[in-house]
Amino acid sequence: MTPRGRVYRAASLAGSIAVLWIIWLVILPAYARQPKMRDHLQWLDDQGIDPSAMYYTELEVMEDILAKQRQAELQHHPR
């Protein structure tokens, strides 16, 4: 590989790491501070649900969640 190719590959790797770093440490925390997301995260916490360990088919409260979601969708988009 030529020196120019190595520099290009190293720059590409550094750029990719920088983009992931910005998403992980800037954009996602900013999104988590939005009122709607903060309310959702608080609701999960109140229900004792660890969002990092959620498997939707295994949650006991999933039926209630889906029912509330369907009801909200019907209220916002009546037919």
Side-chain angles (χ1 to χ4, degrees):
M1 179 177 293
T2 65
R4 181 178 235 166
R6 287 185 197 146
V7 170
Y8 177 76
R9 288 181 68 174
S12 294
L13 177 62
S16 298
I17 291 171
V19 167
L20 290 173
W21 182 85
I22 290 169
I23 291 170
W24 191 262
L25 297 175
V26 177
I27 295 173
L28 289 177
Y31 181 67
R33 287 189 297 270
Q34 298 298 314
K36 189 173 182 178
M37 178 54 91
R38 191 176 15 178
D39 292 343
H40 179 67
L41 292 173
Q42 183 62 48
W43 181 85
L44 288 172
D45 192 44
D46 293 343
Q47 298 296 316
I49 299 171
D50 179 4
S52 66
M54 283 197 317
Y55 294 97
Y56 295 104
T57 58
E58 296 176 0
L59 288 177
E60 295 176 12
V61 296
M62 195 60 203
E63 286 302 319
D64 293 335
I65 294 169
L66 290 174
K68 287 178 186 178
Q69 182 181 9
R70 287 185 203 112
Q71 185 178 18
E73 288 174 357
L74 290 175
Q75 288 175 353
H76 292 317
H77 303 289
R79 294 181 182 200

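No continuous path of hydrophobic side-chain contacts links V26 to Y31 [ILVMFWY only; heavy atoms under 4.5 Å].
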Side-chain donor/acceptor pairs under 3.5 Å, residues 41-48, sequence neighbours excluded:
residue: Q42; atom: NE2; partner: D46; partner atom: OD1; Å: 2.8

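From R6, atom CZ reaches atom CZ of R9 across 9.5 Å, with rounding to the nearest 0.5 Å.
Every residue meeting the side-chain contact (heavy atoms from CB on, under 4.5 Å) condition with R33, not counting sequence neighbours, appears here in chain and number order: P29, A30. By the side-chain contact (heavy atoms from CB on, under 4.5 Å) test, I27 pairs with I22, I23, sequence neighbours left out.
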